[in-house]
Amino acid sequence: MKNILVVGGGGREHAIIMKLAESTHVGKIYCTPGNGGISKYAECFNVSATDIEGVVKLAKRLNPDMVVVAPDDPLVLGMVDALQSEGFMTFGPKKDAAIIEGSKVFSKELMKKYNIPTAFYEVFTDSEKAIAYLKEQNSYPAVIKADGLALGKGVIIAQNEEEAVSAVHEMIDDLKFGKSSARIVIEEFLTGPEVSVLSFTDGKTVVPMISSMDHKRAYDNDEGLNTGGMGTVSPNPYYTEEIARECMEKIFIPTIKAMNAEGRTFEGCLYFGLMLTPKGPKVIEYNCRFGDPETQVVLPMLDSDLYEIFEAVYNHTLDQLDIKWHSGACACVVMASGGYPLSYPKGLEISGLDEKGQTENCFVYHAGTKLSDDGKFLTNGGRVLGVTARAENLQSALDTAYQGVSEISFENVHYRKDIGQRALKALE
Ligand code: AMP
Ligand code: GLY
């Protein structure tokens with residue numbers, strides 16, 4: 001049996017761990033740092049996910065058969081390289097490939113060079129020049145993006161010149177996101193339904209997973225601030241077979257080839273954030289990892305052994321697998337702390353969960369929870385829980401997930417009541 005160490009501590013990692021636990025090959029699962037809910041299924045350690053030296057040390061102590069690095073920061077910082085140089089089998093891209101998420105300037109230049117459809121853009125390091133460009137374009141909304149990682153908050157959709165100018169000053173002059181915003185991308189505003197497509201790739205073969213739809217804004221009807229994601233459904237009804245074929249041909253394969261041509265072979269999960277514009281599908285962003293909370297609806301739909309897939313990616317034998325998916329649909333509703341994505345309290349007691357942190361009919365992926373000394377689940381983050389259900393169709397998956405949500409509570413809990421409504425309309 002194979003023992004596995006998963007690096008990370010959110011709902012995505014909880015979903016990865018639960019899928020790995022189903023594998024007939026997998027023995028013990030470790031997680032660092034994990035969280036309250038994860039600790040019921042995996043042995044957790046308190047080494048931070050960005051502490052490369054600490055994770056390598058932990059891996060040397062535990063000697064797992066595989067280390068899965070799930071979050072963006074350690075991937076971009078080169079944790080996989082560090083683990084591989086100590087002889088560990090890993091899942092996740094190396095630093096030189098993770099740059100596809102780590103630098104928006106890199107990814108935009110890659111797409112331009114290899115003719116991969118994306119929004120038109122310009123790069124700036126000088127705020128005066130950026131503002132002059134915005135004034136000359138005089139086209140709003142304008143999309144302003146920090147070059148580097150910014151906890152999912154580095155994209156500003158400015159509705160007018162005033163908002164655009166202040167975003168530029170905050171990013172370049174005030175370094176709102178530190179070094180990450182010293183360089184910015186200003187790009188064309190695209191419209192159309194958004195689709196998330198995660199894929200497995202070993203650098204030779206790319207296997208798209210089932211599609212999903214995120215709900216990024218904090219409030220119903222897509223109002224309020226952008227968040228890490230307030231809920232997801234899978235599959236995404238806008239992503240038809242015809243569009244999937246077009247994306248394979250014009251986006252997925254060209255991206256894998258482009259990364260190879262640059263000497264930056266991508267091995268791991270490559271996430272395509274797509275917009276289905278009137279002029280065809282275009283790339284909004286790449287992520288070098290599983291999405292959160294997309295993973296919480298995609299992996300429950302997987303009908304194949306996740307460990308075998310991870311092993312095939314590492315061994316470059318993905319072409320030999322026939323990866324299967326369940327029919328039906330999956331829905332995840334995120335229960336967040338009141339105030340998220342701005343400030344919120346931590347340490348509030350969560351009621352309605354059983355001993356394992358679950359409810360009867362849903363799977364509850366823990367995102368930000370911890371256990372109190374007397375074994376109670378407490379809130380410990382902005383996104384707290386992802387209440388998830390899989391069913392024969394989207395409506396029943398949503399009904400079951402919302403039933404689960406109604407059984408759980410904590411002070412000032414906030415969740416969207418309209419997860420999946422847009423998808424249901426598209427299915428009509
Ligand atoms: P990102 O963090 O890059 O996923 O961007 C956050 C959100 O901003 C995306 O999910 C889109 O809804 C929106 N967005 C990003 N780029 C564009 C664009 N060029 N046009 C319209 N919306 C965009
Ligand atoms: N849910 C979007 C992301 O993981 O970036």
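Along the sequence shown, residues carry numbers from 1.
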Would you mind reporting whether Leu302 and Trp325 have side-chain heavy atoms less than 4.5 Å apart? yes
Considering only heavy atoms from C-beta outward, does the side chain of Leu427 approach that of Leu394 to under 4.5 Å? yes
If you round to the nearest 0.5 Å, how far is CD1 of Ile17 from SG of Cys44? 6.5 Å
How far does SG of Cys332 sit from CZ of Phe363, to the nearest 0.5 angstrom? 11.5 Å
Would Asp147 and Phe177 count as a side chain to side chain contact (heavy atoms under 4.5 Å, CB included) here? Give the steps. CA-CA 10 Å; Asp147 176 38; Phe177 303 108; over 6 Å; no
Enter the distance from Ile100:CD1 to Met259:CE here, rounded to the nearest 0.5 Å. 4.5 Å
Does some side-chain heavy atom of Thr379 sit less than 4.5 Å from a side-chain heavy atom of Tyr344? no
Side-chain (Tyr365) to main-chain (His14) donor-acceptor, under 3.5 angstrom: no
Can you tell whether the side chains of Lys19 and Glu22 come within less than 4.0 Å, N to carboxylate O? yes
Given Cys330, which of Ile210, Val297, Val233, Thr232 fulfils the side chain to side chain contact (heavy atoms under 4.5 Å, CB included) condition? Val297
Of Glu187, Glu285, Glu188, the residue whose pairing with Lys145 passes salt bridge (charged side-chain N to carboxylate O under 4.0 Å, His left out): Glu187
Student check: side-chain heavy atoms of Val405 and Val413 closer than 4.5 Å: no
Specify the closest pair of heavy atoms between Ala59 and Pro64, including all atoms of both residues, with the distance to one decimal. O-CD, 3.3 Å
Is a donor on one side and an acceptor on the other found under 3.5 Å between the side chain of Ser127 and the backbone of His169? no
Tell me if the NZ atom of Lys40 is crowded by more than 12 foreign heavy atoms within 6.0 Å. yes
Above 12 or not: heavy atoms from other molecules or residues under 6.0 Å from NZ of Lys282? yes
Do you know the tightest heavy-atom contact between Ala218 and His414? O-NE2, 2.8 Å
Where do Leu134 and Ala164 come nearest, in terms of heavy atoms and distance? CD1-CB, 3.8 Å
Spatial distance of atom CD (Glu308) from atom OG (Ser23) [nearest 0.5 Å]: 6.5 Å
Indicate the ring-plane relationship of Phe124 and Tyr133, choosing parallel, tilted or perpendicular according to the 30° and 60° boundaries. tilted
Starting at CD1 of Ile116, measure out to SG of Cys247 and round the result to the nearest 0.5 Å. 12.0 Å
Taking the six-membered ring for Trp, are Tyr286 and Phe272 closer than 6.0 Å centroid to centroid? yes
Do any N or O atoms from the side chain of Thr295 and from the backbone of Asp292 form a donor-acceptor pair under 3.5 angstrom? no
To the nearest 0.5 Å, what is the distance between CD (Glu241) and CD1 (Ile243)? 11.0 Å
For Ile408 and Leu353 the tightest heavy-atom approach is CD1-CD2, 3.8 Å
Does the pair Lys216 and Glu194 meet the rule for a side chain to side chain contact (heavy atoms under 4.5 Å, CB included), with working shown? CA-CA 10 Å; Lys216 283 211 165 83; Glu194 281 185 58; 4.3 Å; yes
Backbone N/O of Lys176 and side chain of Asp174: donor-acceptor pair under 3.5 Å: no
Looking at Phe88, I'd like to know if its CZ atom is crowded, meaning that more than 12 non-hydrogen atoms belonging to other residues, nucleotides or ligands lie closer than 6.0 Å. yes
Under a 4.5 Å cut-off applied to non-hydrogen side-chain atoms, are Leu318 and Ile323 in contact? yes
Between Thr90 and Gly92, is there a donor-acceptor pair closer than 3.5 Å when you use the side chain of the first and the backbone of the second? no
Does the Arg183 side chain pair with the main chain of Val105, one donor and one acceptor, at a distance under 3.5 Å? no
Pairwise side-chain contact, Leu321 with Thr205, heavy-atom cut-off 4.5 Å (strictly under): no
Closest contact, heavy atoms only, Ala329 versus Asn393: CB-C, 3.8 Å
Give a yes-or-no answer on whether the side chains of Ser196 and Asp214 include a donor-acceptor pair shorter than 3.5 Å. no
Polar side chain donor-acceptor pair, Ser48 to Thr50, under 3.5 angstrom: yes
Intermediate values then yes/no, side chain to side chain contact (heavy atoms under 4.5 Å, CB included), Phe290 and Glu13: CA-CA 9 Å; Phe290 284 97; Glu13 288 76 11; over 6 Å; no
Is it true that a side-chain atom of Ser180 and a backbone atom of Leu149 form a donor plus acceptor pair closer than 3.5 Å? yes
State whether the number of non-hydrogen atoms from other residues, nucleotides or ligands found under 6.0 Å of Lys356 atom NZ is greater than 12. yes
Using a strict cut-off of less than 4.0 Å between a Lys/Arg side-chain nitrogen and an Asp/Glu carboxylate oxygen, indicate whether Arg416 and Asp222 qualify as a salt bridge. yes
Distance alone, cut at 3.5 Å: any donor-acceptor contact between the side chains of Gln403 and Asp399? no
Between Lys113 and Glu262, does any NZ, NE, NH1 or NH2 come within less than 4.0 Å of an OD or OE carboxylate oxygen? yes
Kindly list each side-chain donor-acceptor pair under 3.5 angstrom involving residues 310-317, sequence neighbours excluded, with atom names and distances?
| from | atom 1 | to | atom 2 | distance (Å) |
| --- | --- | --- | --- | --- |
| Glu311 | OE2 | Tyr307 | OH | 3.2 |
| Asn315 | ND2 | Glu311 | O | 3.3 |
| His316 | NE2 | Glu267 | OE1 | 3.0 |

Donor-acceptor pair, distance only, cut-off 3.5 Å: does the side chain of Lys417 make one with the backbone of Tyr402? no
Under the side chain to side chain contact (heavy atoms under 4.5 Å, CB included) criterion, do Tyr239 and Ser212 qualify, and how do the steps go? CA-CA 9 Å; Tyr239 193 69; Ser212 55; over 6 Å; no
Contact between Pro141 and Gln159 at the side-chain level, heavy atoms closer than 4.5 Å - yes or no? yes
With a 4.5 Å limit on heavy-atom distance, are the side chains of Tyr121 and Met111 in contact? no
Short question: side chain of His215, backbone of Gly231 - any donor-acceptor pair under 3.5 Å? yes
Nearest non-hydrogen partners of Gln296 and Thr388, listed with the distance: O-CG2, 3.3 Å
I need the single residue from Asn35, Val384, Ile350, Asn380 that forms a side chain to side chain contact (heavy atoms under 4.5 Å, CB included) with His366. Which is it? Asn35
Within the side chain of Asn287, is there an N or O that forms a donor-acceptor pair under 3.5 Å with the backbone of Glu101? no
